[in-house]
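Data first, discussion second: the structure below is written as structure tokens.
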Amino acid sequence: MRDADMAETSPVRGAMVIKPWGYGVWEQLQQELDRRIKATGHENCYFPLFIPLSFIAKEAEHVEGFAKEMAVVTHHRLKNIDGKLQPDPAAKLEEPLVVRPTSETIIGDAFSRWVRSHRDLPLLINQWANVVRWEMRPRLFLRTTEFLWQEGHTAHASQEEAVEETMKMLEVYRSFAEDWLALPVIAGEKPENERFPGAEATYSIEAMMQDGKALQAGTSHFLGTHFAEAQNIKFQDDVGTLTFCNTTSWGVSTRLIGGVIMTHGDDDGLRLPPAIAPRQIVVVPMLRDKPEDAEVLAYCESLVAALSGLSVFGQPLRALLDTKKIKSAEKRWNWVRRGAPLILEIGPRDAAGGNVTFMRRDSLRDGDKVKSIACSRAEFLEEKAVQLLAEIQHGLYAEAKARLDANIISGVTDWAGVEAYFSGDEDAFKGWLKVSWSRPSGAELDAVEQKLKGLKLTIRNAPLSQPDSFAPCLFTGKPGVEEILIGRAY
RNA sequence: CGGGGCGUAGCUCAGCCUGGUAGAGCACUAGCUUUGGGAGCUAGGGGUCGAGAGUUCGAAUCCCUCCGCCCCGACCA
């Protein structure tokens, strides 16, 4: 990630500095997802970073789930005591504030004031924000102490409508991940033990990284009336009865960028799907401090201007002329590492002959050699540029999709089979197993969880698409009711 | 919080055992040469050796305390 110029670690443990190239990817992702969230009827708001401690305590399961990873603000002033700058005891807050790990409670508080009548519903709100979760083991992009995300929060008159909303947003995430990030995913329901604290049902999209591990790439929760009851979100229906709302929440984060990196990267660095590449085409002029440099530069400038006039994926094409004063060959490799989809190398001969020489980042090499392709400027502008970007986008998806499909393994019906598949070298590639189970709960589910833990496995989700009949439960031997995916996860 | 490892140049690390006052490669700066593709040569800049206390004529090196980071477990978008 450092070589790809995306982000670096910071003086604050677990918190990263996102560099321009990495933030550019986030902006591309953010812009498109924001568009899709608005297209489904939601509006953006902004709620405070700080949440009164008492708010968090309102929903019992919610507190329990997040208590261990909460940053707490207890003072509002520093004082120099014995030569050391420290919190001023006189400035202790009466009620501590927590830094939001998620905003159900503070948004719910607003909802309780905003919702009066069935005419106020549904209430469809989204916010883009940073949140803090004090994780034990942070990992760049995948699990940082502070991360950027969007969290949607909605309130509905009926359970059916809230469930429908939950599923609708899950589908928004699935299609966004697949067509915009080229990230194939499995959408499904999380088992009871993996639910969001306080949720009635949690759904996720799960992506497979190149080492076979699963990454939860997005979640959508049906919260029932749990939060509404805890926070008094009520409405009067059309006959005047006072009823609790059904609420939902759903989010994706900067973790998606980690998913893109770990799905599409190769030995030469990152490979960005063109749809989210901050620069889709980078022109590197091969300059040599000679008089003909001026012609090469002029040719490149007009090329970039023409490219910028094109449109791809329904947006203006993003092209860049890299004029940084470093060696051209080195410049070219920097763009390879960053994952720019198309890199054009333009020398005096191209400029004189009206040609374009380029490299495709998705299929950079032919054996050990880097593949350099040439065509006329006209052909590149009128045909190749847009066509290749679309081809790269689809190609990256297809490659990852083939890996996902090939490594979801069915047919294992007993625990010995699970052990056999996941035994041996822990670093070796292991995919996921799709197994049948009886959907146990309570103590029976705990036992399953513990058993899986022995092999460092977790239940990822129960895919939305299920067969008509099931083998007996792999864990309990009871009749199977559902297929679930199990695997190792980040 | 338990177990293990490590803090020396921007980065990766050597030196520490057997104390004598700082090294390499990459990166950076300059010059020359080279160049249809991740160059070479030469010269140079850059370090209170994580912090503090101790032993000693002398500490990166030995002793003690503290701080930080990484890996393995419990937690997780």
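Labels below follow one simple rule: chain letters A, B, ... track the order of the sequence lines, proteins then strands, and each chain is numbered from 1.
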Side chain of [X] (C-beta onward), nearest among [options]:
X        : options             : answer
A:Thr144 : B:G37, B:A77, B:G38 : B:A77
A:Arg133 : B:C75, B:G38, B:A77 : B:A77
A:Arg332 : B:A74, B:G38, B:A77 : B:G38

Watson-Crick or G-U wobble partner for [N], using a 3.5 Å limit on both distances?
N     : answer
B:C75 : none
B:U18 : none
B:U42 : B:A30
B:U12 : B:A24
B:C69 : B:G5
B:G52 : B:C64

Residue of the set A:Glu192, A:Glu189, A:Glu444, A:Glu483 for which salt bridge (Lys or Arg N to Asp or Glu O under 4.0 Å) holds with A:Arg439: A:Glu189

Sugar-phosphate only, base, or nothing, as touched by A:Glu345 at under 4.0 Å among non-hydrogen atoms: base

Sugar-phosphate only, base, or nothing, as touched by A:Ser253 at under 4.0 Å among non-hydrogen atoms: base

Do any side-chain nitrogens or oxygens of [X] fall under 4.0 Å of OP1 or OP2 in [N]?
X        : N     : result
A:Lys327 : B:U35 : no
A:Lys456 : B:G73 : yes
A:Lys190 : B:A77 : no

Aromatic stack A:Phe147/B:A77: centroid gap under 5.5 Å, interplanar angle under 30°: yes

Side chains of A:Thr458 and A:Arg460, donor plus acceptor under 3.5 Å: yes

First of A:Glu194 and A:Gly14 reached from the 5' end of RNA chain B, by closest nucleotide: A:Gly14

Single hit among A:His153, A:Glu165, A:Gln127 for side-chain hydrogen bond (donor to acceptor under 3.5 Å, both in side chains) with A:His42: A:Glu165

